[in-house]
Amino acid sequence: MKLVGIAGTVEDKSYNKILLQFIANHFSRLVDIEILGIEDIPMFDQDNDQTNSGAIQYLNRKISGADGVIIATPEHNHTITAALKSVIEWLSFKVHPFSNKPVMIVGASYYEQGSSRAQLNLRQILEAPGVNAIVFPGNEFLLANVKEAFDDNGNLKDDKTTAFLESTLQKFLKFVKVINTMDQASGGNDDAADSEDLNATGKISTTIEDVDMAADDWVEKAAEKVHAVDGNTYVKLDRGLLTVDQLNYFLNSMPIELTYADSNNQFIYYNKMTDTKKMLAPRRPGQVGDPLSLVHPSGLLRELSTSFTP
Amino acid sequence: MRKYIGLVGTNTKQSTNRQLLQFMKRHFKKQAEIELIEVSGLPMFNKPQDKQVPARAIEIAKKIDASDGVIISTPEYDHAVPAVLMNALEWLSYGIHPLLDKPVMIIGASFGSLGTSRAQAHLRQMLDSPEISARVMPSSEYLVGHVLEAFDDQGNLTDKDKVKQLDALFADYQQFVEISKELWHTLKVDKEEVKKIDAEDFK
Ligand SMILES: Cc1cc2nc3c(=O)[nH]c(=O)nc-3n(C[C@@H](O)[C@@H](O)[C@H](O)COP(=O)(O)O)c2cc1C
Ligand SMILES: Cc1cc2nc3c(=O)[nH]c(=O)nc-3n(C[C@H](O)[C@H](O)[C@H](O)COP(=O)(O)O)c2cc1C
């Protein structure tokens with residue numbers, strides 16, 4: 001996973017820059033964070049479109065290519081800086097790299113409130129339709145009285161604060177995974193959906209090779225090939241032990257139709273909770289193993305967003 | 001006759017928010033003098049260590065100082081005030097504080113139907129911050145939605161109800177300015193408070 005980090009300031013000396021650098025260094029074993037500067041971005045001006053300038057295209061590319069974004073915001077006059085707002089305006093004008101991007105907000109300020117108002121405001125801006133980011137809910141990280149917070153090496157002095165930051169970051173990483181999974185399942189943005197390989201011609205580590213995907217007895221053949229267990233055999237799960245029978249009982253009694261398509265776009269499971277005819281999105285037993293192109297006639301791709309993909 | 005500054009919260013040449021202020025200037029010319037001021041052209045606020053505020057910002061500050069009140073017209077970008085207006089307010093609260101206790105009226109025009117309601121709330125919040133501490137007229141909001149159809153060729157608001165609403169609001173604002181002049185007790189305390197904040201923000 002790869003994140004980019006932006007400190008919402010153009011000052012050389014900034015506590016928010018120090019905070020972001022600390023996050024990138026201290027948690028490098030958890031995630032790779034590349035820090036992007038916004039110093040070269042001019043004031044947004046509708047009449048003088050700079051979208052194609054090197055500086056804006058650089059941010060556009062980096063943000064588009066990242067799995068998620070962390071923004072560290074100062075607070076000026078109860079809101080974010082004009083410098084950061086200008087960047088967001090450029091990136092919601094002709095290009096929209098924040099669209100569907102998971103974003104975590106953190107912030108440091110001199111006073112007790114620790115950028116709480118700026119963070120709230122930034123959230124509202126990021127959720128505006130032209131920006132369309134997916135802001136990590138709850139989990140505010142506010143660093144108040146920041147002038148006393150760091151030691152000379154730019155490390156947070158208070159271990160409890162560091163621990164809290166780590167747990168917040170870990171939750172965000174999970175959030176990023178979930179959001180990007182949903183995004184993949186729905187085909188991401190529309191052009192991505194067009195180019196996606198729904199014929200499952202690729203291969204991922206769990207693909208069972210040399211079994212005809214389209215065959216009605218794919219499940220039986222594939223099971224034989226990998227020696228899949230069934231019946232009263234125990235399976236160890238996170239967290240617990242169930243027999244395959246218990247697992248089936250559990251999944252089939254769910255009040256929702258679950259569909260599992262792997263990231264190679266092969267349909268490999270559904271919970272056979274009821275007859276095909278009674279299902280909202282009808283699945284036939286013989287379809288399991290099929291590439292998605294056979295399961296979903298092209299027009300039905302949207303329906304996938306309600307299914308479940310790893 | 002009272003003298004007001006009309007702050008144009010955008011840098012685009014074709015702006016309905018500028019048009020709205022121009023309309024007010026003409027429409028109320030018998031009741032008050034309104035001078036329009038542009039906020040564009042300032043460098044990006046970067047909290048300069050030498051505390052030097054650009055000459056243009058000082059010029060705007062002087063005009064605001066000399067006025068009886070400020071009318072700010074804001075577009076809405078991404079549910080908030082445009083960066084260019086935010087930037088001007090940052091400069092106007094860094095060592096200089098021309099808006100301190102100034103009576104302010106907020107107006108705004110947008111292409112959509114909501115007429116900058118969110119940007120206006122955002123602006124109100126900024127003007128309430130201790131660094132600015134303006135005196136924003138309470139419970140007043142002048143929103144012009146669907147603004148592309150709102151003006152005729154002469155730049156006059158076509159909707160009679162909208163004009164009536166503006167007349168009433170402006171009359172209230174004039175009154176508000178008078179009342180504010182009586183509220184001078186806090187001014188000295190506020191000035192001392194803002195000095196303390198400056199000392200903190202400059203560090
Ligand atoms: C980057 C960008 C974001 C915008 N976001 C909004 C918005 O959130 N709400 C809205 O009503 N209009 C939005 N607009 C359209 C506004 O430009 C328009 O409604 C504005 O308030 C008109 O003011 P003006 O004629 O003075 O420029 C946006 C425009 C741009 C360029
Ligand atoms: C014009 C101006 C306005 C400020 N307004 C606020 C404010 O409303 N709330 C606040 O906590 N700090 C305010 N500050 C102080 C700090 O800039 C702020 O706490 C900031 O988040 C520190 O982060 P930084 O070192 O990354 O710039 C203001 C500073 C300036 C220069």
- Message: Checking side-chain polar atoms at under 3.5 Å, does B:Thr12 have a donor or acceptor matched by the opposite partner on A:Asp47?
- Response: no
- Going by heavy atoms in the side chains, are A:His78 and B:Met126 under 4.5 Å from each other? no
- Item | Other residues, nucleotides, ligands: >12 heavy atoms within 6.0 Å of B:Glu59 CD | yes
- A:Met43 vs B:Asn87 side-chain heavy atoms within contact, under 4.5 Å: yes
- Item | Residue part contacting chain B, namely of A:Ile80, when any heavy atom lies under 4.5 Å | both
- Item | Within 6.0 Å of NZ in B:Lys29, more than 12 heavy atoms from elsewhere | no
- Query: What do you reckon, are the aromatic ring centroids of A:Phe44 and B:Tyr77 less than 6.0 Å apart?
  - Reply: yes
- Task: Starting at CE of B:Met44, measure out to OG1 of A:Thr9 and round the result to the nearest 0.5 Å.
- Result: 10.5 Å
- Item | Contact origin within A:Leu84 toward chain B - heavy atom pairs under 4.5 Å | neither
- Item | Any side-chain donor near an acceptor of the partner, A:His76 and B:Glu90, under 3.5 Å | yes
- Message: Looking at B:Asp50, I want to see if its CG is surrounded by more than 12 non-hydrogen atoms of other residues, nucleotides or ligands under 6.0 Å.
- Response: yes
- Query: Are there more than 12 heavy atoms of other residues, nucleotides or ligands under 6.0 Å from atom CG of A:Asp12?
  - Reply: no
- May I ask you to check whether over 12 heavy atoms, not counting those of A:Lys174, lie within 6.0 Å of atom NZ? no
- Item | Donor + acceptor pair across side chains of A:Asn121, B:His122 (<3.5 Å) | yes
- Heavy-atom distance under 4.5 Å to chain A: side chain of B:Pro48, backbone, both or neither? neither
- Query: What do you reckon, is CG of A:Asp32 surrounded by more than 12 foreign heavy atoms closer than 6.0 Å?
  - Reply: yes
- Heavy-atom pair count under 4.5 Å with chain A, highest-scoring of B:Glu131, B:Gln14, B:Arg118: B:Glu131
- Go through the atoms of B:Ile197 and report whether side chain, backbone, both or neither lie under 4.5 Å from a heavy atom of chain A. both
- Identify the heavy atoms of A:Ser86 and B:Ala83 that sit nearest to each other, and give their distance. N-CB, 3.5 Å
- Can you see which heavy atom on B:Ser129 is nearest to which on A:Asn77, and at what distance? OG-CA, 3.3 Å
- Message: With a 3.5 Å distance limit and no angle check, can you tell me whether B:Glu200 reaches the backbone of A:Tyr110 through a side-chain donor-acceptor pair?
- Response: no
- Task: For residues B:Asp78 and A:Ser92, report the shortest heavy-atom separation together with the two atoms involved.
- Result: OD2-OG, 2.8 Å
- Check: B:Val81 main-chain N/O paired with A:Lys85 side-chain donor or acceptor under 3.5 Å: yes
- Task: Can you tell which part of A:Tyr111 gets under 4.5 Å to a heavy atom of chain B, answering side chain, backbone, both or neither?
- Result: side chain
- Atom NZ of B:Lys3: over 12 foreign heavy atoms under 6.0 Å: yes
- Which atom of B:Asn46 lies closest to which atom of A:Glu11, heavy atoms considered: O-CG, 3.1 Å
- Message: Looking at B:Lys162, I want to see if its NZ is surrounded by more than 12 non-hydrogen atoms of other residues, nucleotides or ligands under 6.0 Å.
- Response: yes
- Query: With only heavy atoms counted, which part of A:Thr81 is less than 4.5 Å from chain B, the side chain, the backbone, both or neither?
  - Reply: both
